[in-house]
*Asks:* 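The structure follows.
Below, read A as the first sequence line, B as the second, and so on, with proteins coming before strands; counting in each chain starts at 1. Any value given below was found using the heavy atoms of this structure, including those in side chains, with hydrogens, waters and symmetry copies removed.
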Amino acid sequence: MPPRKKARVGKRTPKSGDEGETASSPKERAGAKRKAATSVDTGGKRPDSPGVSQYCHWLMKSEPESRFENGVDVKFGIEDLKALPNQTGCWDGVRNYQARNFMRQMKEGQLAFFYHSNCKEPGMAGIMKIVKEAYVDHTQFDKKDVHYDASSKPDNPKWSMVDVQYQRMLKRFLPLSELKKYHLQHRAKGGPLKDMALFTRARLSVQPLTAEEFDFVLSLENKEPL
DNA sequence: GCCAACGTTGGC
DNA sequence: GCCAACGTTGGC
């Protein structure tokens, strides 16, 4: 298994299906109640079977600059992912239910933006691919780990992670400030970034993008900075 | 380093 | 099941 990275709250997760799935937080349940039947928002997605839709593009945040949490540096930027064997790493350390649930929805082969957060210039740095679907995040049981969770038991793990592989850098870094201009513009007059989670759910570290959002953001790498 | 927004915890 | 207190995220 690849080394780990440091995702903050919403960072890294375990596997599918049965395990853990039943352990939903009060928040998740509340959310489910509010909305409809699933934890999946109705944002944009790709129908898989009748009545079910799911996302197929993602944004995952990590911090590219050194920051110490309990004496451990949580820095993990896209260059760090690229430097790993096979340019692949596990996205461990996610300790937020919504972020975890999104990771559990990820399918092998799907693409995600690598977003640099909590740094000088926050924004989209590059693209990675999901190469292994959700499985148990071992760091939840490691007392030495920054993201150790004493409340999670091995026979019913709470947290999951996926493996991601570096694909490429964006042709140019897309700063949050620029994305925000488009977001505001689109919110006023309509456009693909109108409801982008990056702005409407700012603190979520693993978030879905609709195909329209993903394509629009990607198209910006060929444009002049706004 | 500040602090607004928001997620989590725990008493009742 | 409500909600106040508390903790964390992450832009600025």
Side-chain angles (χ1 to χ4, degrees), chain A residues 4-13 20-35 38-41 43 58-81 91-105 112-126 137 139-140 145-153 156-161 173-187 193-209 213 217 220 225-226:
Chain A
R4 67 287 229 31
K5 57 207 55 1
K6 80 75 0 61
R8 294 240 221 139
V9 163
K11 319 202 180 164
R12 319 62 174 309
T13 275
E21 210 67 355
T22 48
S24 56
S25 70
K27 203 128 235 157
E28 292 179 278
R29 288 191 297 272
K33 214 183 299 167
R34 242 185 291 112
K35 303 201 164 174
T38 34
S39 60
V40 186
D41 288 274
W58 311 94
L59 177 156
M60 301 170 87
K61 301 180 181 177
S62 190
E63 303 181 34
E65 293 172 8
S66 283
R67 188 175 62 80
F68 290 85
E69 222 173 279
N70 306 335
V72 178
D73 193 355
V74 295
K75 167 186 188 299
F76 189 83
I78 193 165
E79 299 295 346
D80 298 299
L81 175 62
W91 206 265
D92 64 327
V94 172
R95 297 293 182 268
N96 170 281
Y97 289 108
Q98 293 192 40
R100 178 203 69 178
N101 292 345
F102 282 131
M103 282 201 296
R104 289 181 176 182
Q105 291 175 36
F113 285 119
F114 195 122
Y115 178 89
H116 281 172
S117 69
N118 206 19
C119 55
K120 278 286 163 38
E121 174 133 80
M124 310 281 202
D137 177 349
T139 67
Q140 66 197 300
D145 195 276
V146 178
H147 300 108
Y148 171 66
D149 181 356
S151 74
S152 183
K153 301 301 172 213
N156 187 18
K158 280 189 182 174
W159 307 110
S160 303
M161 63 186 180
F173 183 83
L174 300 177
L176 176 64
S177 57
E178 180 176 343
L179 296 170
K180 187 160 197 174
K181 288 177 193 168
Y182 282 107
H183 166 65
L184 293 173
Q185 203 172 287
H186 293 184
R187 207 176 57 180
L193 301 195
K194 180 164 60 82
D195 300 314
M196 193 179 186
L198 188 57
F199 305 103
T200 60
R201 318 278 322 281
R203 297 181 50 191
L204 192 56
S205 70
V206 174
Q207 31 181 276
L209 281 82
E213 288 166 346
V217 171
L220 296 179
L226 189 63

*Asks:* Rounded to whole Å, please give me the gap between CD in E178(A) and P in dC12(C).
*Replies:* 14 Å

*Asks:* Examine dT9(C): is either OP1 or OP2 under 4.0 Å from a nitrogen or oxygen in the side chain of Y115(A)? Give yes or no.
*Replies:* no

*Asks:* Specify the separation, in whole Å, of atom CZ of F199(A) and atom C1' of dC12(C).
*Replies:* 14 Å

*Asks:* Nearest to the side chain of N96(A), heavy atoms from C-beta on, is which of dC12(C), dG10(C), dG7(B)?
*Replies:* dG7(B)

*Asks:* For T139(A) and R95(A), which I'm curious about, is there any donor-acceptor pair between the side chains at under 3.5 Å?
*Replies:* yes

*Asks:* Once side-chain contact (heavy atoms from CB on, under 4.5 Å) is applied, do any residues pair with L226(A), and if so which ones, sequence neighbours excluded?
*Replies:* E178(A), K181(A), Y182(A), Q185(A)

*Asks:* Give the rounded distance in Å between these two atoms: NZ of K120(A) and C1' of dG10(C).
*Replies:* 15 Å

*Asks:* Between E65(A) (side chain) and K120(A) (backbone), is there a donor-acceptor pair under 3.5 Å?
*Replies:* yes

*Asks:* Does OP1 or OP2 of dT9(C) have a side-chain N or O of K61(A) closer than 4.0 Å?
*Replies:* no

*Asks:* Round to the nearest Å and state the distance from E65(A) atom CD to dG11(C) atom C1'.
*Replies:* 12 Å

*Asks:* Figure out the NE2/P separation between H147(A) and dG7(C), and round it to whole Å.
*Replies:* 17 Å

*Asks:* What residues, two or more places apart in sequence or in another chain, satisfy ring-ring contact (aromatic ring centres under 6.0 Å, His included) together with F114(A)?
*Replies:* W91(A), H116(A)

*Asks:* Polar pairs (N or O, both sides) under 3.5 Å between protein and nucleotides 3-6 of chain B?
*Replies:*
unit_1 : atom_1 : unit_2  : atom_2 : d
dA5(B) : N3     : R203(A) : NH1    : 3.2
dC6(B) : O4'    : R203(A) : NH1    : 3.2
dC6(B) : N1     : R203(A) : NH1    : 3.4
dC6(B) : O2     : R203(A) : NH1    : 2.0

*Asks:* Take atom CG of N118(A) and atom C1' of dT8(C), then tell me their distance rounded to the nearest Å.
*Replies:* 11 Å

*Asks:* Output all residues satisfying side chain to side chain donor-acceptor pair (under 3.5 Å) with S66(A), sequence neighbours left out; order by chain, then residue number.
*Replies:* D73(A)

*Asks:* May I have the distance from L198(A) (atom CG) to dC12(C) (atom P), rounded to whole angstrom?
*Replies:* 10 Å

*Asks:* With sequence neighbours excluded, tell me which residues meet side chain to side chain donor-acceptor pair (under 3.5 Å) with D195(A).
*Replies:* none

*Asks:* How many Å lie between CD on E121(A) and P on dG10(C), as a whole number?
*Replies:* 17 Å

*Asks:* Can you sort out the partners of K180(A) under side-chain contact (heavy atoms from CB on, under 4.5 Å), two or more places apart, ordered by chain and number?
*Replies:* L184(A), F199(A)

*Asks:* K180(A) near the nucleic acid: base, sugar-phosphate alone, or nothing, with a heavy-atom cut-off under 4.0 Å?
*Replies:* sugar-phosphate

